[in-house]
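Reckoned from all heavy atoms, side chains included, excluding hydrogens, waters and symmetry mates.
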Amino acid sequence: SDDDKQHLHSAVLEILNTIGIKFECDEALDYLEKAGATIDRKQCVAKMPEYMVNEAISTAPGHYILYGKKPEYDVTVGDGRGNFLPFGSGIMVQDLKTGEVRDSTKADIVDCARIIESLDAYDLCMETLVPRDVDPKVASLHSFAAHNFHTNKNVTCGPADKRSAEALVEMAAIIAGGLEQLAARPF
């Protein structure tokens with residue numbers, strides 16, 4: 001109901017203003033401070049006043065497109081339809097051949113991406129597993145590659161830091177055929 005939405009919105013505003021969000025990136029903290037947030041540099045926490053959050057919400061589009069690698073995989077978010085995706089970042093799997101519970105691997109991500117590609121019920125591909133067989137500093141890069149080479153659906157993988165975010169953009173540009181192509185259809 002509208003009352004429930006307003007209650008949730010008010011609770012979120014209170015949390016953002018009193019508890020804040022941790023950002024382990026000085027550049028992000030600088031940006032938020034300039035926008036009006038109160039910054040605790042020692043704790044790396046930004047507390048955002050109500051006006052700042054409401055202003056950001058008021059400038060957000062009512063809907064947007066998450067592009068797949070091909071137009072038939074594009075998904076509009078905010079059009080009143082729910083979208084379905086696997087949600088995870090799991091760290092353990094049960095091996096289908098042996099039944100053993102073990103650390104997730106990059107190969108497991110490939111299997112998940114292939115399954116997601118084949119299931120029409122899934123609109124998008126959120127990072128499914130963490131590849132624990134690679135260096136954690138570059139795990140997001142391996143995850144992005146394993147997902148993207150095995151599905152045409154939009155893939156969301158979170159970078160570990162600014163450098164890995166830049167590397168993810170570089171990787172996506174290579175897959176897209178260049179930065180210009182990626183800018184036109186940012187999957």
Side-chain angles (χ1 to χ4, degrees), residues 1-2 4-13 15-17 20-25 27-37 46 48-89 109 112-113 115-129 140-141 143-187:
S1 75
D2 287 341
D4 290 336
K5 290 177 188 176
Q6 185 54 47
H7 181 73
L8 179 61
H9 179 70
S10 296
V12 169
L13 288 174
I15 290 167
L16 291 173
N17 191 37
I21 300 177
K22 185 167 188 150
F23 287 89
E24 294 181 343
C25 174
E27 190 175 343
L29 292 171
D30 292 343
Y31 177 82
L32 290 165
E33 188 171 45
K34 287 177 188 169
M48 298 171 215
E50 182 175 331
Y51 78 87
M52 182 181 171
V53 177
N54 285 331
E55 184 177 308
I57 291 169
S58 73
T59 63
H63 67 278
Y64 56 93
I65 297 172
L66 290 174
Y67 293 99
K69 284 200 234 45
K70 299 177 181 177
E72 59 266 30
Y73 291 94
D74 293 354
V75 175
T76 300
V77 176
D79 63 355
R81 177 186 174 272
N83 300 110
F84 295 93
L85 64 149
F87 182 77
S89 297
I109 293 171
C112 284
I115 291 168
I116 293 162
E117 177 71 10
S118 69
L119 296 174
D120 291 337
Y122 283 133
D123 300 308
L124 309 162
C125 182
M126 174 74 76
E127 187 170 32
T128 56
L129 298 166
S140 63
L141 306 180
S143 179
F144 182 80
H147 284 97
N148 267 289
F149 289 126
H150 299 282
T151 183
N152 287 299
K153 296 178 181 180
N154 178 277
V155 174
T156 302
C157 290
D161 53 28
K162 182 180 178 183
R163 176 62 194 124
S164 64
E166 292 166 345
L168 288 173
V169 171
E170 291 172 23
M171 290 172 67
I174 291 168
I175 294 168
L179 276 173
E180 200 171 292
Q181 290 85 345
L182 180 63
R185 292 189 53 78
F187 58 88

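- Using a 4.5 Å heavy-atom cutoff, the side chains of L124 and T156 are not in contact.
- Taking OH of Y122 as the reference point, atom CD1 of I115 lies at 9.0 Å (rounded to 0.5 Å).
- Distance CD1/I109 to OG1/T151: 13.5 Å, rounded to 0.5 Å.
- In this structure, K153 NZ and D120 CG are separated by 6.0 Å, a value rounded to the nearest 0.5 Å.
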Just distance, no hydrogens or angles: give the donor-acceptor pairs under 3.5 Å from side chains in residues 170-182, sequence neighbours left out.
unit_1: Q181; atom_1: NE2; unit_2: G177; atom_2: O; d: 3.4

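- Distance OH/Y67 to CG/N154: 11.0 Å, rounded to 0.5 Å.
- Interatomic distance, H147 NE2 to T128 OG1, rounded to the nearest 0.5 Å: 3.0 Å.
- Sparse packing is recorded around NE2 of H63, with 12 or fewer heavy atoms of other residues, nucleotides or ligands lying under 6.0 Å away.
- Taking 4.5 Å as the limit, every side-chain heavy atom of E72 sits out of range of all side-chain heavy atoms of N152.
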Starting from the C-alpha separation in whole Å, work towards a yes-or-no answer on side chain to side chain donor-acceptor pair (under 3.5 Å) for S10 and Q6.
CA-CA 6 Å; S10 296; Q6 185 54 47; 3.2 Å; yes

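- Rounded to the nearest 0.5 angstrom, I57 CD1 and L13 CG are separated by 6.5 Å.
- Side chain of S58 to backbone of E55: a donor-acceptor contact under 3.5 angstrom is found.
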